[in-house]
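Here's the structure we're looking at; comments come further down.
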Number of protein chains: 2
Amino acid sequence: MKSREKEDKLPARIPLSRERVLTCAVSIADRDGIGALTMRSLAAALEVKPMSLYYYVANKGEILDAIVDMVYAEIDVPSADGDWDDEMRRRAASVRDALGRHPWAIGLLESRTAPGPATLRHHDATLGVLRGAGFSVKAAAHAYALLDSYTYGFAMQEAALPFNGPDTAASITDPIVQLFATGQYPHLMEIATEHVLQPGYDFGDEFAIGLELILESLSRWIGRD
Amino acid sequence: MKSREKEDKLPARIPLSRERVLTCAVSIADRDGIGALTMRSLAAALEVKPMSLYYYVANKGEILDAIVDMVYAEIDVPSADGDWDDEMRRRAASVRDALGRHPWAIGLLESRTAPGPATLRHHDATLGVLRGAGFSVKAAAHAYALLDSYTYGFAMQEAALPFNGPDTAASITDPIVQLFATGQYPHLMEIATEHVLQPGYDFGDEFAIGLELILESLSRWIGRD
DNA sequence: TCGCATTTTCGTACTTTGTAAGTTAAGCTC
DNA sequence: GAGCTTAACTTACAAAGTACGAAAATGCGA
């Protein structure tokens, strides 16, 4: 009967765990941005006091490293079977999706330099596909640098856009168009009116276009070097 | 005799100004990272009390927006004379240089969404060169997205590297090689030993290779669409 | 069931940050 | 000199990370 008291009030609280701390951290960052991810907000979301978190993580930096690796874990690992270019297409799309779901991760990629296991596994598998397709060691390195630069850079630009998806541009860009209308930026004006503000426009569509160009050119590197 | 007292002690202090605040902010970020740029450290560097800064800037966010634009102002504006591809080469190199000097700016590009005048001017001129070279409005937009994604993405990867320049890798990568030596990451191991750790290796060299591939393919877009 | 050790959670407190609100101290104009 | 403007400062507070150690919960052998 002694343990009765707590069973009455506490709804059988799920115990904390490193996993729970980290997944909750990801949700907060997804919903409100990394800026909103503080030890205090995290603790509150887990219905716990701030200092309890330090039993599972050494400090906030460790949380950041860990959630970046969790994002990598969401990315499709390319397969050594299947065409190399299809695998790269699938991988690139998967990276873009993951970074779209977790845009805060883009900013962390360049500040955190402790790659986790999912990160390493991903890079290793990707290089494996390129090598298997006949790229030399050097060519594979060059190809990977190119593909990754494009993919990250595109995701970064997408994250910086104040709009998302088809047609959402117009509502936001009205004030910007006002600025362009001064005539100081004729080419931005032209692009805005004749392309970006057209119905159905979606910046995300440009991703596939650039990727195809890169993949096509890369195919000529196979067997060389 | 009233104003005497201060003439004795104060060594004719240079008055504060928005310009001085912002250039000092850039130096601090360059030297110690954006993390070290606080209103207090900035004030201290200017030999002033923190709150004095608020006479020249509304808040810290305004400083961040402004220094990003200052980085853009350092980037060569491509010229409408000259070959389009040479201009793009020059521009890309200039962007990479500027972001290399100010790596903190990369992280801000995706979080700050208030483009300054230098930023707008730069984008407008770049689009102008592409249009002048015969790219259609759409093709110019696609080309620009591709070039910029690559350039930003590459700069971002470069910034994330723990080493810089030729040959500096070895000292840092030794512990990493230990990790690879477990055999879990055979392709990373291969790339490390046969490419990255070779004498004279410089990740920065990969930039030109990818850029040439992109420019070559882009030339086929001229006149189409 | 009790006592005790281990595991888990928390309380308090200090430091650093951005900045709101109001204050002092020069100069400038009339 | 009165009053205004410009420029810098003082004080104060809320929010953040986390050091240190105590408290509570839990599990387990006797």
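Per chain, numbering begins at 1; letters A, B, ... match sequence-line order.
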Around atom CD of A:Glu19, are there more than 12 heavy atoms of other residues, nucleotides or ligands at under 6.0 Å? no
Do B:Tyr185 and A:His123 have ring centres separated by under 6.0 Å? no
Report the distance from atom CD of B:Glu62 to atom C1' of C:dT19, rounded to the nearest whole Å. 14 Å
Separation of D:dA16 atom P from A:Asp32 atom CG, nearest Å, is 12 Å
CZ of B:Arg89: more than 12 outside heavy atoms within 6.0 angstrom? yes
What is the distance, rounded to the nearest whole Å, between atom CZ of A:Arg18 and atom P of C:dT8? 14 Å
Do the ring centers of A:Tyr152 and B:Tyr152 come within less than 6.0 Å of each other? no
Nearest-Å distance, OH (B:Tyr55) to C1' (C:dT23)? 15 Å
Taking the side chain as every heavy atom from C-beta outward, state whether A:Glu62 and A:Arg18 have any atom pair closer than 4.5 Å. yes
Between P on C:dT19 and CG on B:Leu42, what's the gap in Å once rounded to a whole number? 12 Å
Residue pair B:Pro50/A:Pro50 against DNA chain D: nearer the 5' end by closest nucleotide is B:Pro50
Quick check on C:dT19: is either OP1 or OP2 less than 4.0 Å from any side-chain nitrogen or oxygen of B:Tyr54? yes
Rounded to whole Å, the NZ-C1' distance (B:Lys49 to C:dG18) equals 18 Å
Do side-chain atoms of A:Ser94 reach the backbone of A:Arg90 as a donor and acceptor pair under 3.5 angstrom? no
Provide, to the nearest angstrom, the distance between the CG atom belonging to B:Leu53 and the P atom belonging to D:dT10. 13 Å
So, is A:Ser52 near the phosphate of C:dC10, with a side-chain N or O under 4.0 Å from OP1 or OP2? yes
Sequence-aligned protein contact record of nucleotides 12-17 of chain C, with B where the base is within under 4.0 Å of a protein heavy atom and S where only the sugar-phosphate is: B----B
